[in-house]
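Working notes, beginning with the structure itself.
Numbers for residues simply follow the sequence, beginning at 1.
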Amino acid sequence: MTIIYNEETKEFHLYNNEMSYIMKILQNNQLGQLYFGKRVPHRASFDYLVEMQHRPMTAYPFEGNLYFSLDHLKQEYPSYGTSDFRHPALEIHQKNGSRITNFEYKTHEIYRGKPKLANLPATYTEHDDEATTLQITLLDSVISVELVLLYTIFKGENAIARSARFKNMGTESVDLTTAMSANLDLPDDDYEWIQLSGAWGRERHIKNRKLEQGIQSVGSTRGNSSLQHNPFIALKRPHADEFQGEVMGFSLVYSGNFLAQAEVDTHGQTRVMMGIHPHGFTWHLEKDEEFQTPEAVIVYSDKGINGMSQTYHRLYRTRLVRGEWRDKTRPVLINNWEATYFDFNEEKILEFAEAAKEDGIELFVLDDGWFGERNDDKRGLGDWVENREKLPSGISGLAQKIEEIGMKFGLWFEPEMVNKNSNLYREHPEWMIETPERRASHGRNQFVLDFSQKEVVDHIYEMMAHILKDGNVSYVKWDMNRSMTEVYSKAYDSKRQGEICHRYILGVYDLYERLTLAFPHVLFESCASGGGRFDPGMLYYAPQTWTSDDTDAIERLKIQYGTSLVYPLSSMGAHVSAVPNEQAFRTTPLETRANVAYFGSFGYELDVTKLSEEEREEMKKQVAFFKQYRQLLSQGTFYRLLSPFEGNFTAWMVVSEDKKEAIVGYYKVLNEVNGTFRRLPLKGLDPHKSYHIEKLNENFSGSELMNIGLITSDASAGQDLQGNKLPSDFSSVLYVLRAE
């Protein structure tokens with residue numbers, strides 16, 4: 001892993017053992033992109049990669065030169081209007097009304113390690129030898145604005161972290177209207193585009209299509225990264241699949257409005273960019289003020305989509321997630337929401353917790369309804385004081401009683417929201433986000449607090465810190481149940497209103513940072529109506545996220561499969577819920593519900609006291625199984641084997657780092673009649689080891705299992721004449737492999 005600068009050719013070569021990233025200072029003193037992909041040997045000059053040709057109906061910056069045009073050159077961080085007609089990575093509105101800029105190379109610095117981004121989540125290093133950083137400083141001398149581009153290449157991962165920082169060095173103010181985190185110009189368009197999209201209850205479904213001329217993009221203008229689109233895209237070669245071929249991933253470490261876009265020009269070049277969505281965004285810079293963009297993490301894989309995913313999993317699990325819970329296995333929890341909703345009291349909660357403890361559950365989570373006058377979703381948000389009518393012992397008393405039962409205690413908050421029927425709103429109506437003289441839209445009968453105001457964040461921090469300090473709380477579920485509308489802050493003047501969405505997210509990050517530092521023992525789980533803010537920015541503070549409000553096992557196959565393209569299993573909250581399922585109204589076997597939920601941070605969302613004795617016994621076995629294998633499930637290498645988006649079957653597996661253990665999950669949605677014999681080729685095993693499979697009570701070599709495959713045929717492959725138990729719809733099997 002190193003970064004080389006060739007003074008003679010003005011070229012930068014960033015590389016590690018597997019990949020190269022090459023760029024150069026062009027003849028106009030701007031940065032050009034030459035190559036990103038599999039590692040290539042360093043050479044004295046890569047100048048042959050700068051391809052120019054005269055093309056009619058374009059523009060040329062240098063008089064008399066009919067070859068050098070930014071319209072056709074690959075660039076690092078392009079602007080619009082000086083012969084480049086494509087979408088720009090930056091745009092600055094200046095005092096005279098112009099948006100034309102010219103950022104030229106000024107200086108650069110290469111150093112070991114990785115800098116921390118001010119007030120923003122980002123990947124990090126624990127030792128300086130884990131990464132090398134290139135910092136390039138550019139300057140527009142006309143407006144005296146400095147632009148610093150940061151590139152960090154990791155030693156052990158095929159990943160580059162990128163961001164940009166602007167500083168106004170001049171005397172006149174300017175307004176940033178576009179500030180992308182990263183831009184990558186590619187020499188061709190022979191790619192298929194992958195995105196993760198959906199809606200509430202069906203988040204992060206995999207969508208893919210061929211790149212075409214024009215613009216394809218996903219994004220959010222909702223104030224949160226959204227249920228609709230995740231801040232991630234990938235480009236793969238048409239022949240690439242899960243296990244072979246070139247794939248590039250682009251992931252934004254951010255939780256607010258974003259844009260991920262690919263623009264293919266009519267000459268087949270592709271421009272990929274990612275960052276804060278320009279729609280509605282401005283950032284006003286007075287003299288000496290700075291703006292730092294969020295970080296984008298770009299991953300290269302020549303081992304297919306699984307190879308890309310495994311890089312993201314390792315990097316995000318070990319160098320994005322922080323704190324005590326980064327490497328610790330997570331407790332098995334039970335949440336009371338689907339069991340009681342708002343209708344509970346201390347007696348009912350303790351009865352519920354005692355039953356859960358008998359089944360081996362380690363953490364009880366009290367959900368919505370414990371505070372203020374919160375007996376429905378129309379009141380109480382913002383009043384983070386325990387309801388003594390429901391909980392006469394308060395949170396501290398209840399937590400102590402839960403601890404005496406032998407469980408840890410967790411609590412639900414929705415700190416970013418307020419009901420108008422609350423003491424907080426009555427005392428501080430000016431703390432609500434709303435536009436003067438306009439109707440304020442509600443969502444779930446609630447409104448958004450103005451977290452762009454430090455005073456608001458301070459107040460919420462004090463209320464939450466008081467509960468966490470006195471209540472002996474071990475876990476916090478941080479919910480967020482609506483997007484932002486009528487965005488306006490009464491605390492800022494007109495020239496700052498385009499900053500509010502970003503300032504809001506900075507306020508959320510500030511509250512998270514302060515709480516996680518003050519209460520390092522607390523396990524935080526982020527939530528936003530389920531998966532509405534499942535993004536890398538949240539993982540920096542909360543090592544797991546509630547994957548979706550949809551807990552139906554069959555729907556979760558697609559949701560968890562899609563989520564795994566970027567996010568590690570340890571980050572996915574995955575629970576067993578009651579049937580018929582609340583969202584899909586489907587009845588699935590308890591075994592299948594657990595077999596899906598094991599591949600995540602495992603827990604339950606049901607009333608244990610209403611289960612039959614047979615179900616309770618099965619539940620105890622499930623909890624014991626997860627406890628036995630949770631380190632493997634959370635920290636092993638994950639492989640997707642069969643996609644739920646492509647057929648009736650889904651399969652995935654986790655393999656331990658030493659390849660001595662593995663667990664395979666195999667799921668059938670609808671039963672077959674006289675079906676086919678089936679084999680499932682496994683991945684990631686040691687071909688020379690012999691593996692015992694408990695379910696089959698047989699031994700097979702790793703080579704057999706990976707090349708011949710695991711036989712997964714069941715009694716539906718023909719007609720059963722032996723009176724065996726027949727498979728049904730929504731069936732599943734877990735295979736545990738141990739090397740001998």
Side-chain angles (χ1 to χ4, degrees), residues 9-12 20-38 40 45-91 99-103 162 178 180 182-195 208-219 233-240 245-250 259-275 278 296 298 300:
T9 61
K10 297 184 177 180
E11 294 172 355
F12 298 91
S20 288
Y21 191 106
I22 306 170
M23 55 186 160
K24 77 171 280 133
I25 302 168
L26 300 171
Q27 67 187 74
N28 67 344
N29 217 25
Q30 294 181 6
L31 284 177
Q33 158 63 212
L34 300 185
Y35 173 77
F36 174 57
K38 191 170 178 62
V40 295
S45 173
F46 290 97
D47 206 46
Y48 73 94
L49 294 173
V50 181
E51 297 179 276
M52 292 182 289
Q53 187 60 266
H54 173 68
R55 285 174 172 150
M57 281 301 293
T58 191
Y60 302 90
F62 301 115
E63 288 195 33
N65 184 334
L66 297 179
Y67 291 90
F68 185 93
S69 173
L70 296 174
D71 199 14
H72 308 300
L73 281 168
K74 297 183 291 298
Q75 298 165 68
E76 277 301 300
Y77 204 76
S79 61
Y80 170 82
T82 61
S83 76
D84 191 342
F85 301 96
R86 294 168 289 179
H87 279 228
L90 75 120
E91 192 168 70
R99 297 175 186 265
I100 300 300
T101 54
N102 180 32
F103 281 94
R162 291 185 55 181
T178 299
M180 291 290 106
N183 179 89
L184 181 62
D185 284 358
L186 300 170
D188 65 81
D189 62 350
D190 190 25
Y191 293 98
E192 292 179 0
W193 159 288
I194 301 173
Q195 67 191 58
N208 65 306
R209 59 184 180 277
K210 187 182 184 305
L211 278 188
E212 297 287 353
Q213 287 182 13
I215 293 172
Q216 31 265 295
S217 70
V218 292
I233 59 169
L235 299 182
K236 77 175 190 70
R237 294 300 188 181
H239 66 277
E246 283 195 325
V247 181
M248 298 178 190
F250 303 82
L259 175 67
Q261 177 174 294
E263 180 177 2
V264 179
D265 69 17
T266 54
H267 296 284
Q269 290 190 149
T270 300
R271 170 167 291 175
V272 184
M273 61 175 58
M274 174 173 273
I298 304 174
Y300 171 78

Below 4.5 Å, heavy atoms only, C-beta onward: do F85 and T58 meet side chain to side chain? yes
### Query
R162 and Y77: side-chain donor and acceptor closer than 3.5 Å?
no
task = Evaluate the side-chain proximity of V272 to M248: yes if any heavy-atom separation is below 4.5 Å, no if none is.
result = no
> Step by step, would you call D47 with E11 a side chain to side chain contact (heavy atoms under 4.5 Å, CB included)?
Replying inline: CA-CA 8 Å; D47 206 46; E11 294 172 355; 4.0 Å; yes
Q216 side chain vs G214 backbone, donor-acceptor pair below 3.5 Å: yes
Check your understanding: For A240, does its backbone N or O pair with a side-chain atom of E246 as donor and acceptor, under 3.5 Å?
Key -> no
Are the side chains of K24 and F12 in touch, meaning some heavy atoms are under 4.5 Å apart? no
Checklist entry - Does S20 use its side chain to pair, donor to acceptor, with the backbone of G37 at less than 3.5 Å? => result no
Main chain of N102, side chain of Q30: is a donor-acceptor contact present, judged purely on distance under 3.5 Å?
no
Given the options E76, K74, R271, Q33 meets side-chain hydrogen bond (donor to acceptor under 3.5 Å, both in side chains) only with E76
Exercise. Donor-acceptor pair, T9 side chain versus S45 backbone, under 3.5 Å?
Worked result: no
With a 4.5 Å heavy-atom cut-off, do Q53 and H267 have their side chains touching? no
**Asked** Under the 6.0 Å and 45° cation-pi test, does R86 pair with Y80?
**Response** no
